[in-house]
4 protein chains.
Amino acid sequence: MKNDMSSSGSLPPRGRPRSQDADIRILKAALSLVERVGFKALAMEAIAEQAGVARTTVYRRWPNKATLVMDAFLSDIGPEIEFPKGSSPMESLRSQMSLLARAFRGRRGVLVRSLLAEAQFDAELKKAFLERWILKRRATAKLVVAEAIVAKELAPDTDGDVLLDALYGGLYYWLLIGTTPPTEKHVQALWNLVTKSTS
Amino acid sequence: MKNDMSSSGSLPPRGRPRSQDADIRILKAALSLVERVGFKALAMEAIAEQAGVARTTVYRRWPNKATLVMDAFLSDIGPEIEFPKGSSPMESLRSQMSLLARAFRGRRGVLVRSLLAEAQFDAELKKAFLERWILKRRATAKLVVAEAIVAKELAPDTDGDVLLDALYGGLYYWLLIGTTPPTEKHVQALWNLVTKSTS
Amino acid sequence: MKNDMSSSGSLPPRGRPRSQDADIRILKAALSLVERVGFKALAMEAIAEQAGVARTTVYRRWPNKATLVMDAFLSDIGPEIEFPKGSSPMESLRSQMSLLARAFRGRRGVLVRSLLAEAQFDAELKKAFLERWILKRRATAKLVVAEAIVAKELAPDTDGDVLLDALYGGLYYWLLIGTTPPTEKHVQALWNLVTKSTS
Amino acid sequence: MKNDMSSSGSLPPRGRPRSQDADIRILKAALSLVERVGFKALAMEAIAEQAGVARTTVYRRWPNKATLVMDAFLSDIGPEIEFPKGSSPMESLRSQMSLLARAFRGRRGVLVRSLLAEAQFDAELKKAFLERWILKRRATAKLVVAEAIVAKELAPDTDGDVLLDALYGGLYYWLLIGTTPPTEKHVQALWNLVTKSTS
DNA sequence: GGCTAAGCGAGACGGTACGTCTAGTCTTGGG
DNA sequence: CCCAAGACTAGACGTACCGTCTCGCTTAGCC
């Protein structure tokens with residue numbers, strides 16, 4: 001998460017305002033570089049240079065590489081992984097998983113893997129990753145599960161969290177450990193196995 | 001995997017033999033340090049020093065930090081996560097998951113997380129992690145699943161890989177993302193959900 | 001020398017006038033800081049802060065650290081090093097050297113040393129130091145020397161510049177190189193040696 | 001003064017020995033750069049680059065810019081400022097002053113000025129400058145003065161230190177403050193003035 | 001009272017050098 | 001051929017100042 005010195009909701013901004021343009025250019029540079037050279041080889045220097053910005057400007061806004069890439073990732077990934085308004089709750093859930101898997105297959109896969117990996121070494125980043133990425137989606141997912149129960153698509157005693165752990169856990173497991181990205185077929189098989197019982 | 005320059009099984013060793021003691025001391029040092037300061041802050045220099053060994057001696061045996069820690073990890077984790085000869089195949093599977101979760105709760109959790117994380121940035125390590133850790137266990141697990149099918153504990157069309165992805169995927173997911181290590185209760189809930197259908 | 005944008009003596013001042021108070025506060029801050037931390041570690045930022053003034057306000061008035069400290073020094077050192085109206089020209093000269101040495105022993109020593117040192121790296125400062133400090137005093141000194149010649153205290157062919165170089169050169173030499181500040185005794189010995197011949 | 005870890009006079013050297021060649025290349029680079037760009041603009045980075053050496057190698061041997069340049073200076077200045085075996089002690093002294101003035105007129109002038117200036121901000125450098133440059137020469141100079149007294153060229157009560165302060169002080173004064181380097185004529189005049197009396 | 005101009009506090013900005021750190025390699029002497 | 005020691009190249013790191021700039025606001029003289 002970006003440095004944001006503004007003490008909540010009050011006093012007018014003082015001093016020269018930060019260039020919004022720089023923000024965008026830095027995020028773009030970070031994104032393109034992390035995709036090209038990977039997270040490890042990504043140097044702050046290189047980001048600054050590509051963004052046409054002084055190194056200090058980057059450090060003024062983000063305390064480290066990880067949070068910068070995190071922001072870049074979130075600013076990049078858009079509504080393509082939203083829960084589609086499907087015919088039924090379960091259908092919506094299933095197709096969101098497919099969308100996520102598709103995103104993982106693309107350049108976003110590298111980003112998620114990098115961030116999740118880096119988060120293992122950085123408590124703050126882990127928190128950010130959890131709250132800003134995982135939990136945000138899970139909140140919606142649990143609503144969908146609740147709807148599914150109401151619609152009798154799921155057994156009334158279904159534990160949403162556990163169900164989602166099995167489904168998404170399997171997906172992330174593949175992302176991190178598999179030799180190939182998760183295909184649509186994988187998602188299908190996983191979905192079938194896990195939901196067979198709960199219907 | 002350790003460097004082993006000896007061309008397979010032929011000519012007798014020349015020159016001074018490598019100190020076996022050094023190996024042990026290096027692995028121990030690596031282990032204790034990675035637990036103390038974490039993988040990122042772990043410096044080869046520090047390992048060598050704590051092992052009372054020159055840096056070159058470490059590099060002569062392991063090409064880099066990751067494979068060294070990998071070896072240290074594997075040398076440390078013993079039969080405590082073997083599949084127990086239980087009353088039934090499914091029972092054996094279930095209790096192995098519990099053992100694994102327990103290991104994750106201890107200091108081994110940090111190691112697995114570190115290695116899996118680092119593997120995202122290092123193709124060779126990823127391969128090593130997959131082959132020497134994940135697949136080794138999965139091979140056995142799939143045999144157990146096959147036995148379970150024979151014993152009619154599982155439906156005959158059960159796909160072992162998918163089943164194990166759901167089970168272990170859920171577990172690793174928790175390890176990496178959860179704010180607390182996976183408890184026995186989690187394992188139970190996950191097991192129940194996933195196996196309810198397949199019986 | 002301070003920035004003074006006002007084109008000589010004409011058009012009335014426009015806009016908000018500069019705070020005179022700020023000037024004083026800045027000079028004071030510079031003085032106290034340079035004595036505390038030395039010239040090298042003296043940051044414009046710190047001066048501004050201690051003066052309770054924005055950094056731009058400092059830069060609006062002085063182009064750089066050196067000239068600011070130069071002004072601070074000159075504003076600080078007062079009539080205590082003026083040529084005393086003594087009983088005779090030579091006596092006046094001698095006692096002024098003593099006064100200067102005494103000033104060098106105090107906090108002014110650090111300032112002169114810093115400025116003279118910095119001047120070696122900065123042509124403009126060197127010029128300023130020469131004109132505003134050295135030559136100002138030397139002009140008077142040469143008049144005194146002339147009087148001394150008239151009074152037959154000095155040989156008629158005495159070269160004032162060379163005489164003063166020997167006297168003040170010896171003093172500055174001590175200031176810069178000596179391990180202790182120049183004592184009254186030093187000044188005496190130097191004076192005696194140099195003037196013995198010229199009488 | 002260079003870093004020299006060797007504990008006095010014992011144990012054989014361990015580890016890879018430092019490249020003597022690097023020493024030479026670094027000193028040469030420092031010298032040529034300081035003459036080209038001046039002390040202030042002289043960057044360690046640039047020295048390392050020009051010497052074809054890693055930056056760490058420079059820092060391993062010299063703790064900072066000043067001591068490095070000090071060593072470069074001393075390694076550069078050779079016997080050209082030795083006291084010449086002249087016809088008489090006073091003659092020897094006089095001509096050494098001329099030699100020194102000549103050196104000051106050349107590229108060495110910049111170096112001495114830079115070092116003496118920097119020494120005002122750095123106690124260690126000041127000590128080094130004093131001991132390794134000033135005092136070394138003064139020791140010899142005082143011997144010469146003593147000889148001169150024996151030879152009745154100087155009054156028997158002459159204080160060598162004060163005499164040398166007046167002579168060399170005047171010279172350094174010119175070097176630091178003058179707008180032109182000290183000419184032979186200056187040296188002559190100074191010499192005549194100071195020594196007229198003491199004969 | 002509104003207009004113009006400059007001062008002012010605050011802080012962003014481009015830039016540059018710093019000195020440190022770690023990785024992984026190389027070069028000694030000695031076993 | 002191993003080992004300890006430590007020099008070496010390479011390169012990123014995060015920090016510290018510098019001197020400039022860009023805001024919104026204030027303080028003056030002038031029409």
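All chains are named by letter (A, B, ...) in the order of the sequence lines, taking the proteins before the strands, and each is independently numbered beginning at 1.
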Self-check item: D:Asn64 or C:Arg25, whichever maps to the more 5' nucleotide of DNA chain E
Solution: C:Arg25

Self-check item: Atom pair distance, as rounded to whole Å: CZ in C:Arg61 and P in E:dA6
Solution: 15 Å

Quiz item: So which one's nearest nucleotide on DNA chain F is more toward 5', A:Pro17 or C:Ala43?
Solution: C:Ala43

Practice problem: Take atom CD1 of B:Ile26 and atom C1' of F:dC2, then tell me their distance rounded to the nearest Å. | Solution: 12 Å

Quiz item: Can you check whether C:Arg55 has a side-chain N or O nearer than 4.0 Å to OP1 or OP2 of E:dA12?
Solution: no

Exercise. Identify, between C:Gly15 and D:Thr57, the residue whose nearest nucleotide on DNA chain F lies closer to the 5' end.
Key: D:Thr57

Quiz item: Using a cut-off of 4.0 Å on non-hydrogen atoms, how would the nucleic acid contact of A:Ile47 be classed: base, sugar-phosphate, or nothing?
Solution: nothing

Quiz item: Taking atom P of F:dC8 as reference, at what distance in whole Å does atom CG of D:Asp21 sit?
Solution: 11 Å

Practice problem: Please figure out whether D:Ala41 or A:Ser19 has its closest DNA chain E nucleotide nearer the 5' end. | Solution: A:Ser19

Quiz prompt | Presence of C:Arg18 side-chain N/O under 4.0 Å of E:dG7 phosphate oxygens OP1/OP2 | solution = yes

Practice problem: Classify the angle between the aromatic ring planes of B:Trp133 and B:Phe73 as parallel (below 30°), tilted (30 to 60°) or perpendicular (above 60°). | Solution: perpendicular

Self-check item: D:Lys28/D:Asp76 under salt bridge (charged side-chain N to carboxylate O under 4.0 Å, His left out): CA gap, chis, key distance, verdict
Solution: CA-CA 9 Å; D:Lys28 268 200 180 131; D:Asp76 178 54; over 6 Å; no

Practice problem: Return yes if the base of E:dC13 and the side-chain atoms of A:Arg16 contain a donor-acceptor N/O pair under 3.5 Å, otherwise no. | Solution: no

Quiz prompt | Distance-minimising heavy-atom pair for B:Met44 and B:Asn64 | solution = CE-C, 3.9 Å

Exercise. Starting at atom CZ of A:Arg60, determine the distance to atom C1' of F:dT15, rounded to an integer number of angstrom.
Key: 12 Å

Exercise. Provide, to the nearest angstrom, the distance between the CZ atom belonging to A:Phe39 and the P atom belonging to F:dA12.
Key: 15 Å

Quiz item: Could you state the CE-P distance from A:Met44 to E:dT16, rounded to the nearest angstrom?
Solution: 19 Å

Quiz item: What is the distance, rounded to the nearest whole Å, between atom CD of C:Glu49 and atom P of F:dA16?
Solution: 13 Å

Exercise. Could you check if a side-chain atom of A:Leu31 sits within less than 4.5 angstrom of a side-chain atom of A:Glu35, using non-hydrogen atoms only?
Key: yes

Exercise. Let me know the distance between OH of D:Tyr59 and P of F:dG11, rounded to the nearest Å.
Key: 17 Å

Quiz item: Of the nucleotides E:dG14, F:dC13, F:dA5, which one has an atom closest to the side chain of A:Ala54?
Solution: E:dG14

Exercise. Determine, stepwise, if the pair A:Arg55 / A:Arg60 fulfils side chain to side chain contact (heavy atoms under 4.5 Å, CB included).
Key: CA-CA 9 Å; A:Arg55 200 140 51 107; A:Arg60 197 175 298 114; over 6 Å; no

Practice problem: Mind checking D:Thr56 for me? I need base, sugar-phosphate or nothing, with any heavy atom below 4.0 Å counting as a touch. | Solution: base

